[in-house]
Amino acid sequence: MPMIPAVRGTRDILPGEIERWQFVEDVARRLFERYGYAEVRTPIIEREELFAKGTGDTTDIVQKEMYTFTDKGGERITLRPEATPSLVRAFVEHSLEQQMAVPKLYCLGPMFRYERPQKGRYRQFHQLDVEVFGVHDAWIDAEIIDLAWSLVSELGIQGSELLLNSVGCPVCRPAFTAALVAALGEDVKRLCGDCQRRAATNPLRIFDCKVPADQAIIDRLPHTIDYLCAACTAHFDQVKRHLELYGISYRISHRLVRGLDYYTRTTFEILIGSLGAQNALLGGGRYNGLVKALGGPDRTGIGFAAGIERLVLALPEDASIAIARPDVFVAAIGDAARLEAVRLVKQLRSAGFKAQLDDEGRSIRSQMKTADRLKAPLAAILGDNELTKNEVTMRDMASGEQTSIGRADVGEYVRLAMPRVKPPLEAAPRGQ
RNA sequence: GUGAGUGUAGCUCAGUGGUUAGAGCGCCGGACUGUGGCUCCGGAAGUCGGGGGUUCGAAUCCCCUCACUCACCCCA
């Protein structure tokens, strides 16, 4: 039988790597909750129109990257390409501003985009998503950015950079796009095909262009922050002042306009050089019109999405991440001892220890070898000698020292041995 | 959707027209019959990504195809 491989752009995360994921997720959860954010889980499938309206018809995500199908009831269903519209929907659908004192939400899980896979990019990928609704004040922009920056630094990721910009609002943007088109003038014909299209549909996104020949022209274009209205200018100044309060350094990037339609005012990204072409660890911004556009009250929103794959890739090699290993390996010699070993393993597990037994009743040599490979710090050895004396031989696998102890004292012995055999640094993924 | 590179054992790879396709690591067993790590010995394991073609003969050359990787586009 030929094997059936995983779908393109999807992958299995196996033991050995999963610990790094659990570490990232655990650090993120604890950090978000320290900041007062509550977890929400939304469905992975949504109506197509949620993203058509929420993410935006003109975006690449909606135009060519969505997994959409018609279900048996004739409904157009989409596998979510991002989480923000779902969280906005949940916020609106459940009137969360009435339910929650402060609508600060986070969620994590898989997203789907039909793209060609490459380093740090998959068709099923995973994001950590954080959103706050209904706060106008610029201090929340800074808090969200501080949260994002803290996530990266608490994971021990080195060499990242914060990019910041403001893309204005419906008041000032028309004047800016007019100025942009005017400044382009005849040069528009010298830009690449994509940019010529953008000039007509969404001129802001010309700043996304990376075609070398276009760069000289783009560098001469006006900047959004020079065309902000008074309110947007004041807001942006506040954001910068608060960031200085937090001691977070940033670089203003005039070209950070971002691909999604809904952004207003603040946009930001955290980049890292070590990931190759897909260098954005996370990105986000403010979206003041989105909640209303999705049928809710006129409330502001701000948030960011971080790519878990990319965070995991950016994790330092020497991150102290505990690998799963038993506390005790129980080795048995002979059938009678094996029966007793089963009892002992069950007893240790019930007492909260990670205990394992050889699954196939092989030679003692093989069992000790397995204990070694599992990196068990302790081995409990049971044979006829031990059975007749009602004892267990405890072996310290690091030193090779062995002691005979009474059968009834094994639990206590393991409990006392644990602190001294456990490694000093244990990041303790989850579910201890 | 476009371009380039790579597909040989579980993993990393050697083998570029000539016997039954190899190595290292890993795995299983033994030397060591109740004890892991070191050493030595033995063993299992491959439709050489798939299909077609050239040839007396193909892992090797040609064509097609699939997958993976990286990059473009765009994004997390």
Side-chain angles (χ1 to χ4, degrees), chain A residues 1-11 14 16 24 55 58-65 81-84 108-130 148 151-152 192-195 197-198 205 208-212 256-260 269-272 275-284 303-314 329 331-334 337 358 360 362-387 393-402:
Chain A
M1 286 289 283
M3 72 143 183
I4 301 162
V7 170
R8 175 163 219 192
T10 70
R11 52 193 291 268
L14 302 174
V24 168
T55 305
T58 69
T59 60
D60 283 2
I61 289 175
V62 173
Q63 285 186 350
K64 52 183 200 190
E65 295 173 4
E82 59 154 347
T84 303
L108 86 193
M111 308 291 156
F112 303 84
R113 293 184 199 171
Y114 189 86
E115 296 179 276
R116 288 285 286 267
Q118 68 187 75
K119 187 180 175 70
R121 183 164 75 189
Y122 303 93
R123 288 184 174 178
Q124 176 178 334
F125 61 104
H126 299 76
Q127 288 187 334
L128 294 159
D129 203 82
V130 172
L151 174 63
V152 172
C192 67
D194 281 335
C195 282
R197 212 169 316 120
R198 289 171 181 140
R205 295 193 46 217
D208 279 338
C209 181
K210 287 167 197 154
V211 176
L256 181 60
V257 293
R258 303 193 46 80
L260 309 183
E269 274 184 12
I270 294 179
L271 305 182
I272 188 157
L275 291 189
Q278 305 307 317
N279 62 353
L281 280 177
L282 61 88
F304 69 86
I308 300 181
E309 280 81 357
R310 294 182 186 180
L311 293 173
V312 168
L313 279 171
F329 187 90
I333 307 150
D358 183 72
E360 299 188 89
R362 294 176 304 167
S363 69
I364 180 67
R365 167 169 291 277
S366 300
Q367 295 185 55
M368 293 305 289
K369 201 169 174 178
T370 301
D372 189 50
R373 269 204 303 146
L374 290 171
K375 301 221 172 4
L378 284 174
I381 300 163
L382 275 164
D384 291 337
N385 299 344
E386 286 81 3
L387 284 188
T393 299
M394 300 301 300
R395 182 182 179 86
D396 181 320
M397 294 296 285
S399 68
E401 278 173 46
Q402 297 193 172

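Below, chain A is the first sequence line, B the second, and so on; all start at residue 1. It should be emphasised that the depicted structure is a prediction, and the values quoted were computed from it without experimental measurement. Just the heavy atoms: all of them, side chains too, but no hydrogens, waters or symmetry mates, feed the values below.
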Student: Take A:Ile364 and A:Ile270, find for each the nucleotide of RNA chain B with the closest heavy atom, and name the residue whose nucleotide sits nearer the 5' end.
Tutor: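 The residue closer to the strand's 5' end, by nearest nucleotide, is A:Ile364.
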
Student: When you measure only distances, ignoring hydrogens and angles, does the side chain of A:Gln402 come within 3.5 Å of the base of B:rU35 through a donor and an acceptor?
Tutor: yes

Student: Please measure how far the P atom in B:rU65 lies from the corresponding atom in B:rC28, and state the result in whole Å.
Tutor: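 It comes out at 43 Å once rounded to the nearest Å.
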
Student: Rounded to the nearest angstrom, tell me the gap between atom CD1 in A:Ile4 and atom P in B:rA67.
Tutor: 15 Å

Student: For B:rU6, what is the paired nucleotide under Watson-Crick or G-U wobble rules, both distances under 3.5 Å?
Tutor: B:rA67

Student: Ignoring hydrogens and geometry beyond distance, is the side chain of A:Asn385 in donor-acceptor contact with the base of B:rG34 at under 3.5 Å?
Tutor: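 Donor-acceptor pair under 3.5 Å: yes.
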
Student: Which whole number of Å gives the distance between the P atom of B:rU8 and that of B:rA59?
Tutor: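 Their P atoms lie roughly 15 Å apart.
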
Student: Distance check needed: B:rA76 P versus A:Arg11 CZ, whole Å only.
Tutor: 19 Å

Student: A side-chain contact here means heavy atoms from C-beta on lying under 4.5 Å apart; do A:Val7 and A:Gln124 qualify?
Tutor: no

Student: Would you mind reporting whether A:Asp384 and A:Ile333 have side-chain heavy atoms less than 4.5 Å apart?
Tutor: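 No, side chains not in contact.
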
Student: Counting the atoms with a prime plus P, OP1 and OP2 as sugar-phosphate, which does A:Tyr114 contact under 4.0 Å by heavy atoms, base, sugar-phosphate, or nothing?
Tutor: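 Nothing: the residue A:Tyr114, judged by heavy atoms under 4.0 Å, touches no strand.
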
Student: Using the P atom as the reference point in each nucleotide, state the distance between B:rC41 and B:rG53 in Å, no decimals.
Tutor: 46 Å

Student: Hey, which sits more toward the 5' end of RNA chain B by its nearest nucleotide, A:Ser366 or A:Arg310?
Tutor: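 This one resolves to A:Ser366.
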
Student: For A:Asn279, report the nucleic acid contact type (base, sugar-phosphate, nothing); a contact means any heavy atom under 4.0 Å.
Tutor: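 Touches a base.
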
Student: If only side-chain N and O atoms of A:Ser363 are considered, is one of them under 4.0 Å from the OP1 or OP2 phosphate oxygen of B:rG29?
Tutor: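 No, no such contact exists.
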
Student: B:rA71, OP1 or OP2 - any side-chain N/O from A:Gln118 closer than 4.0 Å?
Tutor: yes

Student: Tell me: CG of A:Leu128 to P of B:rC75, nearest whole Å?
Tutor: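 Atom CG in A:Leu128 sits about 20 Å away from atom P in B:rC75.
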
Student: Tell which nucleotide pairs with B:rG22, taking only Watson-Crick or G-U wobble pairs whose two distances are both under 3.5 angstrom.
Tutor: B:rC13

Student: Please tell me which of the listed nucleotides, B:rC75, B:rU2, B:rU35, lies nearest to the side chain of A:Arg116?
Tutor: B:rU2

Student: Report which part of the nucleic acid A:Gln124 touches: base, sugar-phosphate, or nothing (heavy-atom distance under 4.0 Å, all strands).
Tutor: nothing

Student: For A:Asp384 and B:rG34, give me the distance from atom CG to atom C1', rounded to whole Å.
Tutor: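 Interatomic distance, CG of A:Asp384 to C1' of B:rG34: 10 Å.
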
Student: Got A:Thr393 and A:Asn385 here, is their nearest side-chain heavy-atom distance under 4.5 Å?
Tutor: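 Not touching, per the 4.5 Å side-chain cut-off.
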
Student: Can you measure A:Arg113 atom CZ to B:rA76 atom C1' for me and round it to whole angstrom units?
Tutor: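 For the pair A:Arg113 CZ and B:rA76 C1', the rounded distance is 6 Å.
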
Student: Could you check if a side-chain atom of A:Leu275 sits within less than 4.5 angstrom of a side-chain atom of A:Leu281, using non-hydrogen atoms only?
Tutor: yes

Student: If B:rC27 has a Watson-Crick or G-U wobble mate with both distances under 3.5 Å, name it; if not, just say none.
Tutor: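 Check on B:rC27: paired to B:rG43, both distances under 3.5 Å.
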
Student: Run through A:Arg11, A:Arg113, A:Glu65, A:Arg8 and flag the one making a side chain to side chain contact (heavy atoms under 4.5 Å, CB included) with A:Arg123.
Tutor: A:Arg8

Student: Which one, B:rG29, B:rU35, B:rC73, comes nearest to the side chain of A:Arg362?
Tutor: B:rG29

Student: Pick the C1' atom in B:rU12 and in B:rC27, then give their distance to the nearest Å.
Tutor: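 Going atom to atom, C1' in each nucleotide, I get 16 Å.
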
Student: Identify whether any heavy atom of A:Gln367 sits under 4.0 Å from a base atom; if not, whether one sits that close to sugar-phosphate; answer base, sugar-phosphate or nothing.
Tutor: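 Answer is nothing: A:Gln367 stays at 4.0 Å or more from every strand.
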
Student: Is there a donor-acceptor pair under 3.5 Å between the side chain of A:Arg310 and the backbone N or O of A:Ala280?
Tutor: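 Checking the backbone N and O of A:Ala280 against the side chain of A:Arg310, a donor-acceptor pair under 3.5 Å is found.
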
Student: Would you mind reading off the distance between A:Asp358 atom CG and B:rC28 atom P, rounded to a whole angstrom?
Tutor: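 Atom CG in A:Asp358 sits about 10 Å away from atom P in B:rC28.
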
Student: Taking 4.0 Å as the cut-off, does a side-chain nitrogen or oxygen of A:Arg123 come that near to OP1 or OP2 on B:rA76?
Tutor: no

Student: With a 4.0 Å cutoff (strictly under), does any side-chain N or O of A:Arg8 reach OP1 or OP2 of B:rC68?
Tutor: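 Checking A:Arg8 against B:rC68: at least one side-chain N or O falls below 4.0 Å of OP1 or OP2.
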
Student: With both distances under 3.5 Å as the test, what is the Watson-Crick or G-U wobble partner of B:rC48?
Tutor: none

Student: When the distance from CD of A:Glu115 to C1' of B:rC72 is rounded to whole Å, what number comes out?
Tutor: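 Spelled out: CD on A:Glu115 to C1' on B:rC72 is 12 Å.
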
Student: Remember a base hit wins even if backbone is also touched, and classify A:Ala371 as base, sugar-phosphate or nothing at under 4.0 Å, heavy atoms.
Tutor: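 Nothing, no heavy atom under 4.0 Å.
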
Student: When you look at A:Phe329 and A:Gln367, which way does the side chain to side chain contact (heavy atoms under 4.5 Å, CB included) test go after all the steps?
Tutor: CA-CA 9 Å; A:Phe329 187 90; A:Gln367 295 185 55; 4.1 Å; yes

Student: My understanding is that a pair needs two contacts under 3.5 Å, Watson-Crick or G-U wobble. By that rule, which nucleotide pairs with B:rG36?
Tutor: none

Student: Take the protein atom CD of A:Gln63 and the nucleotide atom C1' of B:rG1, then report the distance between them rounded to whole Å.
Tutor: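 From A:Gln63 CD to B:rG1 C1': 14 Å.
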
Student: Name the closest nucleotide to the A:Ala277 side chain, picking from B:rA71, B:rA76, B:rG34.
Tutor: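 Output: B:rA71.
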
Student: Quick one: does A:Leu128's side chain get under 4.5 Å of A:Leu282's, heavy atoms only?
Tutor: no

Student: Measure from the side-chain heavy atoms of A:Arg395 and tell me the nearest of B:rU35, B:rG1, B:rC73.
Tutor: B:rU35

Student: Can you check the distance between B:rA44 and B:rG37, where both ends of the measurement are the P atom (answer in whole Å)?
Tutor: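 The same atom, P, in both gives a distance of 23 Å.
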
Student: Taking B:rC25 as the reference, what is the distance to B:rU39 when you measure between their P atoms (whole Å, please)?
Tutor: 9 Å

Student: Which of the following nucleotides, B:rC28, B:rU2, B:rC73, is nearest to the side chain of A:Arg373?
Tutor: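 Selected nucleotide (nearest to the side chain): B:rC28.
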
Student: Base, sugar-phosphate, or nothing: which does A:Gly334 touch, judged by heavy atoms less than 4.0 Å apart?
Tutor: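 If one applies the 4.0 Å heavy-atom cut-off, A:Gly334 turns out to touch nothing in the nucleic acid.
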
Student: Would you measure the distance from the P atom in B:rC48 across to the matching atom in B:rU60 and give it in whole Å?
Tutor: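 Between the two P atoms, the distance is 10 Å.
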
Student: Now, which nucleotide makes the Watson-Crick or G-U wobble pair with B:rC73, with each of the two distances under 3.5 Å?
Tutor: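 Base partner found: none.
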
Student: Under 4.0 angstrom, heavy atoms only, what part of the nucleic acid is A:Gly383 near: base, sugar-phosphate, or nothing?
Tutor: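 The answer is base, as A:Gly383 lies within the cut-off (heavy atoms under 4.0 Å) of a base atom.
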
Student: Within the 4.0 Å heavy-atom criterion, would you say A:Leu281 contacts the bases, only the backbone, or no part of the nucleic acid?
Tutor: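 Sugar-phosphate only.
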
Student: Identify whether any heavy atom of A:Ala83 sits under 4.0 Å from a base atom; if not, whether one sits that close to sugar-phosphate; answer base, sugar-phosphate or nothing.
Tutor: nothing

Student: Let's see if you can work this out: which of B:rG36, B:rU35, B:rC73 has an atom nearest to the side-chain heavy atoms of A:Asp372?
Tutor: B:rG36

Student: Taking B:rA31 as the reference, what is the distance to B:rG24 when you measure between their C1' atoms (whole Å, please)?
Tutor: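 Rounded to whole Å, the distance is 23 Å.
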
Student: I'd like to know whether A:Asp129 forms a side chain to side chain contact (heavy atoms under 4.5 Å, CB included) with A:Met111, so could you lay out the CA-CA distance, the side-chain angles of the two residues, the decisive distance to 0.1 Å, and finally the verdict.
Tutor: CA-CA 11 Å; A:Asp129 203 82; A:Met111 308 291 156; 5.6 Å; no

Student: Taking the minimum atom-to-atom distance to the side chain of A:Ile381, which one of B:rA71, B:rG34, B:rA76 wins?
Tutor: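 In terms of side-chain proximity for A:Ile381, the closest of B:rA71, B:rG34, B:rA76 is B:rG34.
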
